[in-house]
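Single-structure report; data block below.
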Amino acid sequence: QVQLVESGGGLVQAGGSLRLSCAASGRTNSNYDMGWFRQAPGKEREFVAAISWFGGRRVYADSVKGRFTISRDDAKNTVYLQMNSLKPEDTAVYYCATKGKAFGALVPSSQTSQYDSWGQGTQVTVSS
């Protein structure tokens, strides 16, 4: 059973940057797609970014394209989300997620239902 632990959230002013980390334990993570999702108060959880198990394909929500970058360091069993030019509407709890099945499709999924394991989340608050 994989465990995911997010860190790096906090309070930042609009236009600022944060880097989130997601450390995986309980398995070797290199063969699994990884994703970041977020949930704002009163809203459904939404897709932010995903990276394929081989690292070659990245998918982003339109709302974060050009501002956020997902990456992975399989030697550290860690996935990152670099967030630049943050906006107040980026305020949410950010969750890391992974699939239970190795060697996913060439393009990682943006669907919440396709991910089996989730972290506890880290709060990101962007002030105007």
Side-chain angles (χ1 to χ4, degrees):
Q1 182 87 13
V2 62
Q3 290 84 43
L4 303 174
V5 178
E6 302 97 334
S7 60
L11 173 64
V12 64
Q13 288 189 334
S17 298
L18 284 174
R19 188 177 81 154
L20 305 183
S21 299
C22 172
S25 61
R27 72 177 189 195
T28 300
N29 219 40
S30 57
N31 297 334
Y32 299 85
D33 293 350
M34 300 293 296
W36 284 98
F37 294 77
R38 66 187 182 187
Q39 188 166 18
K43 295 187 177 181
E44 292 188 354
R45 192 168 297 188
E46 66 175 6
F47 171 74
V48 176
I51 187 167
S52 62
W53 60 273
F54 56 93
R57 295 298 298 267
R58 296 170 173 85
V59 180
Y60 296 95
D62 288 343
S63 58
V64 306
K65 278 181 183 176
R67 300 188 298 121
F68 290 12
T69 302
I70 188 171
S71 62
R72 63 191 300 160
D73 185 342
D74 290 329
K76 296 181 178 179
N77 247 17
T78 300
V79 175
Y80 303 98
L81 185 68
Q82 178 66 43
M83 305 186 296
N84 298 328
S85 302
L86 282 161
K87 305 175 181 179
E89 50 264 44
D90 294 319
T91 295
V93 177
Y94 283 71
Y95 297 91
C96 174
T98 187
K99 292 185 172 182
K101 184 176 180 181
F103 308 119
L106 289 178
V107 178
S109 175
S110 62
Q111 301 300 309
T112 307
S113 60
Q114 295 296 310
Y115 291 82
D116 304 294
S117 298
W118 296 80
Q120 83 290 346
T122 185
Q123 176 70 46
V124 171
T125 303
V126 185
S127 62
S128 57

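Computed from a predicted structure; not experimentally measured.
For residues 28-39, the set of pairs meeting the salt bridge (Lys or Arg N to Asp or Glu O under 4.0 Å) definition, not counting sequence neighbours, comprises Asp33-Lys99, Arg38-Glu46, Arg38-Asp90. Among residue pairs with one or both ends in residues 70-81, those qualifying as salt bridge (Lys or Arg N to Asp or Glu O under 4.0 Å) are Arg72-Asp74; sequence neighbours excluded. Residues in residues 65-86 take part in no ring-ring contact (aromatic ring centres under 6.0 Å, His included) pair, two or more places apart or across chains. Sorted by first then second residue, the salt bridge (Lys or Arg N to Asp or Glu O under 4.0 Å) pairs that include residues 51-64, not counting sequence neighbours, are Asp62-Lys65. For residues 3-27, there are no salt bridge (Lys or Arg N to Asp or Glu O under 4.0 Å) pairs, not counting sequence neighbours.
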Identify every side-chain donor-acceptor pair in residues 81-89 under 3.5 Å, counting partners at least two apart or on other chains, and give the distances.
unit_1 : atom_1 : unit_2 : atom_2 : d
Gln82  : NE2    : Asn84  : OD1    : 2.9
Asn84  : OD1    : Ser17  : OG     : 2.9

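In this structure, the side chain to side chain contact (heavy atoms under 4.5 Å, CB included) partners of Gln111, at least two apart in sequence or on a different chain, are Ser109, Ser113, Gln114. Every residue was checked against the salt bridge (charged side-chain N to carboxylate O under 4.0 Å, His left out) condition with Lys43, not counting sequence neighbours, and none meets it. Phe54 is linked by a ring-ring contact (aromatic ring centres under 6.0 Å, His included) to nothing, counting only residues two or more places apart in sequence or in another chain. For Ser127, the side chain to side chain contact (heavy atoms under 4.5 Å, CB included) criterion is met by Leu11, Gln13, not counting sequence neighbours. Residues satisfying the side chain to side chain donor-acceptor pair (under 3.5 Å) test with Thr125, not counting sequence neighbours, are Gln123.
In this structure, Leu20 and Val124 have side chains that are in contact, with non-hydrogen atoms separated by less than 4.5 Å.
Clustering of Ile, Leu, Val, Met, Phe, Trp and Tyr side chains at separations under 4.5 Å places Phe47 together with Phe37, Val59, Val93, Tyr95, Val107, Tyr115, Trp118.
With hydrogens and angles disregarded, no donor-acceptor distance shorter than 3.5 Å links the side chain of Asn29 to the backbone of Asn77.
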